[in-house]
Number of protein chains: 2
Amino acid sequence: MIKKKKDIRREFIIGEAAKLFKQKGYGGTSMRDLAEQVGLDAASMYHYIKSKDEILQGICFDIANTYVSQLTEIENATQSYSQKLKALVRLHIHLMTTKGPEVSVANNEWKSLSADALTEFKSLRSQYEKRLAALIEAGAEAGEFQQVNTSVALFTLLSAIRWVELWWKPDRGIATEELENSILTILFQGLERK
Amino acid sequence: MIKKKKDIRREFIIGEAAKLFKQKGYGGTSMRDLAEQVGLDAASMYHYIKSKDEILQGICFDIANTYVSQLTEIENATQSYSQKLKALVRLHIHLMTTKGPEVSVANNEWKSLSADALTEFKSLRSQYEKRLAALIEAGAEAGEFQQVNTSVALFTLLSAIRWVELWWKPDRGIATEELENSILTILFQGLERK
DNA sequence: GTCTATATCGTGATAGAC
DNA sequence: GTCTATCACGATATAGAC
């Protein structure tokens, strides 16, 4: 399938929107702000997109689908649960360093989705969390993990890496390799030295 | 100092605002929404508060000051660095379970502060992070912590507990004691069983 | 495709009666 | 102290000329 010029322009608008939404929030970004960033008049953008909400949906569901397909990949791999979980955390971190603005918006601005989209998005998240919880549960039963509450482990892992999307920049002097290794060390080995 | 009736009413309004701001975001909450929640007409609230921004400031700086004073306490205590850090994490978690909406707003809606307040808030956060980083640095030099990048450790710790403010409810079947212990186990001992 | 002009609505905040 | 009425503004989105 060939991408039409119109589609490319559309994707550019959505990408710029992600940056602004991350920076100033969805509610704090006006279509005029976005138009200026894109280099069009506000009205002209409506030739490429249907509404502001549609932009937010594009960003949120693109990221959600990426998360889900990454998890599916991990589930189907033949590794120990510990290796699976580590691999997934690496994928999450990697996504944040490559699609920072989009991930940030999907994680922080999804509340602004319109009613229908909001319901679907929440459902996707919930399914994702359940599948990940099952993975942690299985690993604990296999004796690979500490005996801690599954929900606590689930959310602590997911939450622990959330700062990356806000903080990491290519010029900050930390290579993604070192970043991933340091985080994995803390989460799986513990910060305390024995 | 005796609290006047007006002050009590004012604090009630700010408390209800925190709940709504957490739920729908600062931008997504109108003064009319808040008035309905409080049981007043929108105009009547202006007898107790000066502006919407003033409410947000009240919430954000109250929490910021609590964070700072807790850190000061920890710094002055005579404990190992490891014990200090664990105690601080416990204090953070405890604050989230007791002042969930306020902490949530301070952590997620501070971007909406007016220019002056925003500058001051950022400065407070930055000072706090520097002092906490120094504590981690010292612990690492004392050989108590793993050799990981200090910034990574700092943000991973702070971030790892952020979900509590969104998720924890008294009726969810996890006592705060168990919650704290599970999180501390993961962060300091590691999720992986040796 | 991009613009100007504008419709329509919801916002924060104020004035002033009671 | 609480209300009704309203102002001034900025928002999303559309109509229609070019």
Side-chain angles (χ1 to χ4, degrees), chain A residues 2-60 105 109-118, chain B residues 2-60 105 109-118:
Chain A
I2 298 163
K3 264 185 201 169
K4 288 168 192 160
K5 271 191 188 170
K6 186 168 172 180
D7 291 335
I8 294 175
R9 201 86 135 111
R10 181 189 150 89
E11 281 167 27
F12 176 69
I13 291 173
I14 295 178
E16 294 303 301
K19 291 184 205 166
L20 287 183
F21 292 170
K22 175 187 173 181
Q23 206 178 97
K24 315 200 289 174
Y26 178 77
T29 305
S30 73
M31 293 301 273
R32 292 173 179 85
D33 293 337
L34 178 55
E36 194 185 14
Q37 177 87 6
V38 170
L40 281 178
D41 199 276
S44 308
M45 281 193 305
Y46 285 87
H47 184 68
Y48 301 97
I49 53 99
K50 229 170 58 80
S51 68
K52 191 185 178 188
D53 180 65
E54 195 202 39
I55 297 177
L56 184 60
Q57 287 188 35
I59 297 168
C60 289
V105 170
E109 304 296 330
W110 57 270
K111 279 187 203 171
S112 300
L113 285 167
S114 59
D116 288 358
L118 184 60
Chain B
I2 298 162
K3 263 185 204 170
K4 288 167 192 163
K5 270 189 190 172
K6 186 168 171 181
D7 290 334
I8 293 175
R9 200 87 135 112
R10 180 189 149 90
E11 280 167 28
F12 176 69
I13 291 173
I14 295 179
E16 294 303 301
K19 291 184 203 165
L20 287 183
F21 291 171
K22 175 187 173 180
Q23 209 178 95
K24 315 200 287 172
Y26 177 78
T29 305
S30 72
M31 293 300 276
R32 289 167 178 84
D33 292 336
L34 178 55
E36 192 183 18
Q37 176 87 4
V38 169
L40 280 178
D41 198 277
S44 308
M45 282 193 304
Y46 285 88
H47 183 68
Y48 301 98
I49 52 98
K50 226 169 57 80
S51 69
K52 193 186 178 188
D53 180 64
E54 194 201 40
I55 297 176
L56 183 61
Q57 286 188 36
I59 297 167
C60 289
V105 170
E109 305 295 330
W110 57 269
K111 278 186 204 173
S112 300
L113 286 167
S114 60
D116 286 0
L118 184 61

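Lettering of chains follows the sequences in order, A, B, ..., and the numbering in each one begins at 1.
Remark: K3(B) pairs with I8(B), E11(B) by the side-chain contact (heavy atoms from CB on, under 4.5 Å) rule, at least two apart or across chains. Taking E36(A) as the reference, nothing meets the salt bridge (charged side-chain N to carboxylate O under 4.0 Å, His left out) condition, with sequence neighbours excluded. Listed by chain and number, the residues in a side-chain contact (heavy atoms from CB on, under 4.5 Å) with I49(A) are R10(A), M31(A), Y46(A), E54(A), I55(A) (sequence neighbours excluded). When the salt bridge (charged side-chain N to carboxylate O under 4.0 Å, His left out) test is applied to E16(B), the partners found at least two apart in sequence or on another chain are K19(B). The salt bridge (charged side-chain N to carboxylate O under 4.0 Å, His left out) search around D41(A) returns none, not counting sequence neighbours. Judged as a side-chain contact (heavy atoms from CB on, under 4.5 Å), and not counting sequence neighbours, K111(A) has no contacts. Scored by the side-chain contact (heavy atoms from CB on, under 4.5 Å) test, K4(B) finds D7(B) as partners (sequence neighbours excluded). Scanning for salt bridge (charged side-chain N to carboxylate O under 4.0 Å, His left out) contacts around D53(A) gives an empty result, with sequence neighbours left out.
Within residues 5-12 of chain B, no residue places a heavy atom under 4.0 Å from DNA chain C. Near DNA chain C, defined here as any heavy-atom distance below 4.0 Å, the residues from residues 46-56 of chain A are H47(A), Y48(A), listed numerically.
By the 4.5 Å heavy-atom criterion applied to side chains, R9(A) and L40(A) are counted as neighbours. The shortest distance between side-chain heavy atoms of E109(A) and T29(A) does not fall below 4.5 Å.
Rounding to whole angstrom units, CZ of residue F21(B) and C1' of dG12(C) are separated by 12 Å. One can place CG of L34(A) at 19 Å from P of dG10(D), the figure rounded to the nearest angstrom. The nearest whole Å value for the distance from the CG atom in L40(B) to the C1' atom in dT2(D) is 8 Å. For L20(B) and dG12(C), the CG to P distance is 12 Å, given to the nearest whole Å. Atom CD in E36(B) sits roughly 17 Å away from atom C1' in dT2(D) (whole-Å rounding).
Among pairs with a residue in residues 8-32 of chain A, those fulfilling ring-ring contact (aromatic ring centres under 6.0 Å, His included) read F21(A)-Y26(A), at least two apart in sequence or across chains.
Put simply, S30(A) has no side-chain N or O that comes within less than 4.0 Å of OP1 or OP2 on dG10(D).
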Nucleotides 4-9 of chain D: which of its N/O atoms have a protein N/O under 3.5 Å away?
from   : atom 1 : to     : atom 2 : distance (Å)
dT4(D) : OP2    : D41(B) : OD2    : 3.4

